[in-house]
There are 2 protein chains.
Amino acid sequence: MKKTTLLALLFLGGVSVFAQKTDEQVLKEIYKQALTNSNSYAWLDHLSNDIGARLSGSANAEKAVQYTKSEMEKLGFDKVYLQEVMVPKWVRGAKETAYILDNKTKINVPICALGGSIATASTGLTAEVIEVHSLEELKKLGIDKIKGKIVFFNRPMDNEQIESFHAYSGAVDQRYAGAKEASYFGAVGTIVRSMNLRLDDFPHTGAQSYGDIPKSQYIPTAAISTNGAELLSKTLKTNPELKFYFKQSCQQFADVMSYNVIGEIKGTVTPDNIMVVGGHLDSWDLADGSQDDGAGVVQSMDVANIFRKIGYKPKNTIRVVLFMNEENGLRGGNKYEELSLKNNENHIFALESDSGGFSPRGFSLECDAANFNQIAGFNTLFEPYLIHSFVEGHSGSDIGPLTSSKIVKAGLKPDSQRYFDYHHAANDKFDAVDKRELELGAGTMASLMYLMDQRGIIK
Amino acid sequence: MKKTTLLALLFLGGVSVFAQKTDEQVLKEIYKQALTNSNSYAWLDHLSNDIGARLSGSANAEKAVQYTKSEMEKLGFDKVYLQEVMVPKWVRGAKETAYILDNKTKINVPICALGGSIATASTGLTAEVIEVHSLEELKKLGIDKIKGKIVFFNRPMDNEQIESFHAYSGAVDQRYAGAKEASYFGAVGTIVRSMNLRLDDFPHTGAQSYGDIPKSQYIPTAAISTNGAELLSKTLKTNPELKFYFKQSCQQFADVMSYNVIGEIKGTVTPDNIMVVGGHLDSWDLADGSQDDGAGVVQSMDVANIFRKIGYKPKNTIRVVLFMNEENGLRGGNKYEELSLKNNENHIFALESDSGGFSPRGFSLECDAANFNQIAGFNTLFEPYLIHSFVEGHSGSDIGPLTSSKIVKAGLKPDSQRYFDYHHAANDKFDAVDKRELELGAGTMASLMYLMDQRGIIK
């Protein structure tokens with residue numbers, strides 16, 4: 001009895017401290033913490049520079065699980081735990097080689113195998129090339145023109161798009177489904193122009209899928225740098241009979257055990273209402289994945305860190321979820337939802353940061369009009385922090401599977417112009433992330449989590 | 001007569017093409033040109049990588065004058081001309097050296113002379129150090145504590161500020177006036193913490209002024225990197241008697257002739273109304289000045305380029321002005337205004353880009369309420385291009401002297417978080433600028449120039 005009274009007093013004390021503050025004051029404290037007392041950059045330094053690339057199923061991914069778990073255990077969560085999830089294990093193997101064989105001249109070009117691709121023969125693959133700009137064009141050409149050749153998908157991302165993610169979604173079908181589609185017509189391999197808005201020498205990897213075609217029909221597929229694609233296209237114009245050689249030795253192994261890493265703060269008022277904030281812990285294997293999605297991971301951890309430092313006890317249960325395997329399977333997001341359903345959990349809100357750690361500019365929202373209007377109504381609170389953009393759109397892949405009936409989902413929307421300079425390429429390293437931009441993102445996420453915790457969702 | 005009629009027809013034809021278009025359509029064309037058909041990145045490449053640092057009075061500044069003049073001559077201006085202006089010529093000389101002498105241990109630290117500083121003796125300067133955090137603190141300490149010492153100004157830029165320019169203006173008095181103020185109290189030199197929000201090893205130069213003190217009282221002044229400042233401060237705490245050594249061999253020469261570069265498109269309707277768009281051609285001497293202000297220069301040139309490509313003939317006269325000597329004298333801006341007054345010119349609008357080539361986010365406006373409201377009312381036109389911020393504030397240093405009675409002035413407001421990572425330091429190089437960010441800035445400037453040309457200012 002005594003203990004309960006004491007807890008009640010403490011609890012009421014906690015509430016009253018924050019009840020006395022305006023939202024303006026709390027956001028000011030949040031951003032101050034984010035910009036002067038954040039751990040996010042130090043965590044990212046470790047994830048990027050001490051651990052490095054974290055492809056699902058790799059030893060580094062496991063290290064990242066253990067590291068973030070142990071760091072989260074220092075943040076005063078009510079519990080920190082791992083959620084088991086089986087993930088694919090694909091290994092790139094030796095660095096790929098490729099060249100254009102223009103008559104007798106060999107011109108080396110930078111390529112990388114796409115995630116999930118099979119290897120070429122150990123001696124490599126040489127064939128004539130047919131350039132196409134869409135899956136539709138491929139189908140029009142048909143088996144006669146394609147059989148025995150390497151299909152070269154060369155539709156660039158559209159620079160006219162203002163949002164670089166729109167340019168990405170307008171081109172990525174070539175990468176994701178190109179090999180499967182080309183295989184139908186007897187192609188022996190595919191080479192895809194990297195998903196990159198600028199011209200440079202980095203090949204960009206990423207997921208591809210053979211879909212439901214028989215394994216015997218799988219063909220090797222690789223990305224070529226944008227400069228390489230320009231050169232290949234130009235050379236094809238003068239010599240349509242040129243040959244292309246590439247060699248890659250990637251392998252798909254059996255699935256292995258991995259984990260989502262979860263930290264939970266029990267809600268003080270409605271603990272059965274769960275709010276998720278997260279990013280994905282895995283990255284591609286060519287670099288540290290500092291932007292994709294080391295930034296989102298450490299920003300999500302920082303939300304809990306900031307709440308603790310300003311002494312904020314959320315009304316609803318808050319979970320920081322570091323999802324595994326966003327890049328090539330989404331197994332972590334699916335597993336989280338599977339267990340949520342099994343446990344009859346009630347998720348009311350989820351926020352993901354998986355668009356890079358650049359200057360935050362707003363949120364992309366998936367919800368009904370009433371909830372959209374509530375969040376868009378936060379604009380005056382956010383204006384001093386240069387957050388102006390509240391739009392309908394994709395929130396995040398990892399929180400995509402969450403299906404609670406009235407859940408509101410949001411994605412942090414940072415400035416996107418540089419994102420595809422680094423996305424899935426060897427330059428997605430620590431120095432691509434700016435400390436203040438990263439921290440402003442963490443402050444922006446903590447602010448939205450606070451406001452949603454205070455207001456709740458509109459049912 | 002015939003000729004006049006023909007011209008009138010051509011002119012009306014020109015107007016009617018654009019009169020048939022909505023502002024939305026014109027802005028779409030402008031941004032399309034900016035993102036797919038711009039010259040700004042190629043110009044910047046040349047300015048940065050082929051010419052390089054362009055301090056006023058240097059051979060490179062002269063090369064930049066000739067290069068931009070010759071490039072502007074290809075853009076269909078009615079005239080391109082140079083405006084003579086005498087500029088200061090300060091030369092850094094040999095690379096500076098500095099160390100902390102902690103008992104017998106020498107610890108090297110990165111410094112650079114501030115612009116306009118005198119040299120140390122050729123053997124360098126060694127003295128005890130007194131750390132202060134403001135000009136006020138310096139005055140409180142007084143001559144007894146300061147005489148014979150090096151004053152170390154170590155108030156950091158305030159990371160709590162959301163706008164990095166606010167953090168800059170809150171700290172830069174130490175750099176600009178520190179030496180003059182310290183000299184009053186008998187200091188023998190000053191060392192100033194670099195104007196940089198992050199901790200790194202780059203010293204950041206910048207203008208300083210001895211004001212009206214006699215030349216005999218000038219003392220050498222230099223910037224130290226933020227890491228160096230942290231180390232010096234920490235070492236002072238354990239050893240207040242440590243000594244600091246630095247050596248610099250900079251020299252001030254007599255003024256030399258230089259130029260503003262101007263391209264003019266004569267207005268079709270009200271040619272006596274002049275609208276300026278510009279940036280500054282000079283840079284500091286430690287790097288290419290790609291962000292400060294190569295970006296503003298090429299974006300301003302691109303405004304004319306974009307108008308030409310979409311066939312837009314402005315109603316008012318438009319001048320692209322590449323100002324000389326913003327960094328250490330503002331002679332170009334002052335000369336431009338002097339001649340404008342002399343020639344009885346009527347400037348109605350001026351737009352400057354001198355806050356870096358990062359993603360544009362809005363405009364900082366100097367005008368009365370009616371004109372502010374007109375420009376802020378463009379927000380829905382700009383929203384598809386992610387331009388959300390219309391605020392009152394400083395427009396640009398070079399257009400500062402313009403005094404026409406009802407002139408409206410605007411500054412392009414890019415994302416500012418990374419700006420002071422590079423500002424006046426050796427890393428302000430071409431690779432700090434992102435092509436799309438630069439181009440979006442050019443599109444945003446061209447769009448505002450178009451809208452202001454259409455609507456005029458409110459008198």
Side-chain angles (χ1 to χ4, degrees), chain A residues 27-38 41 156-164 166-167 196-200 357-362 379 382-391 413-422 427 431-441 443-444, chain B residues 27-38 41 156-164 166-167 196-200 357-362 379 382-391 413-422 427 431-441 443-444:
Chain A
L27 261 61
K28 195 168 181 184
E29 283 189 40
I30 287 173
Y31 277 99
K32 178 179 170 171
Q33 288 296 325
L35 285 168
T36 63
N37 203 9
S38 160
Y41 199 61
M157 282 172 69
D158 178 6
N159 256 306
E160 282 184 45
Q161 298 292 330
I162 304 300
E163 297 269 18
S164 66
H166 295 169
N196 181 4
L197 279 157
R198 68 178 185 183
L199 294 173
D200 65 26
F358 299 96
S359 277
R361 300 189 60 168
N379 63 341
F382 274 113
E383 199 174 351
Y385 308 102
L386 313 177
I387 302 301
H388 304 104
S389 176
F390 299 83
V391 296
K413 218 169 114 62
D415 193 286
S416 77
Q417 301 308 325
R418 292 180 183 225
Y419 188 65
F420 292 94
D421 295 355
Y422 305 110
N427 56 345
D431 64 5
V433 176
D434 180 81
K435 183 169 182 281
R436 273 176 65 88
E437 292 181 357
L438 182 76
E439 291 170 347
L440 279 169
T444 303
Chain B
L27 261 60
K28 194 168 182 185
E29 282 188 41
I30 286 173
Y31 276 99
K32 178 179 170 171
Q33 287 297 326
L35 285 168
T36 63
N37 204 8
S38 160
Y41 199 61
M157 282 172 71
D158 178 6
N159 256 306
E160 282 183 45
Q161 298 292 330
I162 304 302
E163 297 270 17
S164 66
H166 295 169
N196 180 4
L197 280 156
R198 67 179 185 183
L199 293 173
D200 65 26
F358 298 96
S359 278
R361 300 187 61 167
N379 63 341
F382 274 113
E383 199 174 351
Y385 309 101
L386 312 177
I387 302 300
H388 303 105
S389 177
F390 299 84
V391 297
K413 217 168 115 61
D415 193 286
S416 78
Q417 300 309 326
R418 293 179 182 225
Y419 188 64
F420 291 95
D421 295 355
Y422 305 110
N427 57 345
D431 63 4
V433 176
D434 181 81
K435 183 170 183 280
R436 274 177 65 88
E437 292 181 358
L438 181 77
E439 291 169 348
L440 278 169
T444 302

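The model shown is predicted, which means the values in this text are computed figures rather than measured ones. Just so it is clear: chains get the letters A, B, ... in the order the sequence lines come, proteins before strands, and each one is counted from 1. All values below come from the heavy atoms of this structure, side chains included, with hydrogens, waters and symmetry mates left out.
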For A:Glu439, is it the side chain, the backbone, both, or neither that has a heavy atom closer than 4.5 Å to a heavy atom of chain B? neither
Nearest non-hydrogen partners of B:Pro360 and B:Ile387, listed with the distance: O-CD1, 3.3 Å
Measure B:Asn159 against the heavy atoms of chain A and call it side chain, backbone, both or neither at under 4.5 Å. both
Give a yes or no answer on whether the side chain of A:Asp421 reaches the backbone of A:Arg198 with a donor-acceptor pair at less than 3.5 Å. no
B:Leu440 versus chain A, heavy atoms under 4.5 Å apart: side chain, backbone, both or neither? side chain
Test your reading of the model: is there a side-chain donor-acceptor pair from B:Arg436 to the backbone of A:Ile162, 3.5 Å cut-off? yes
Tell me which of these, B:Arg418, B:Lys28, B:Glu383, has more heavy-atom pairs under 4.5 Å with chain A than the rest. B:Arg418
If you take all heavy atoms of A:Pro414 and A:Phe358, which pair is closest and at what distance? CB-O, 3.3 Å
Heavy-atom pairs under 4.5 Å with chain A - which of B:Gln161, B:Glu163, B:Arg361, B:Gln33 has more of them than the others? B:Arg361
B:Ser164 and B:Leu197: which non-hydrogen atoms are nearest, and at how many Å? CB-CD1, 3.6 Å
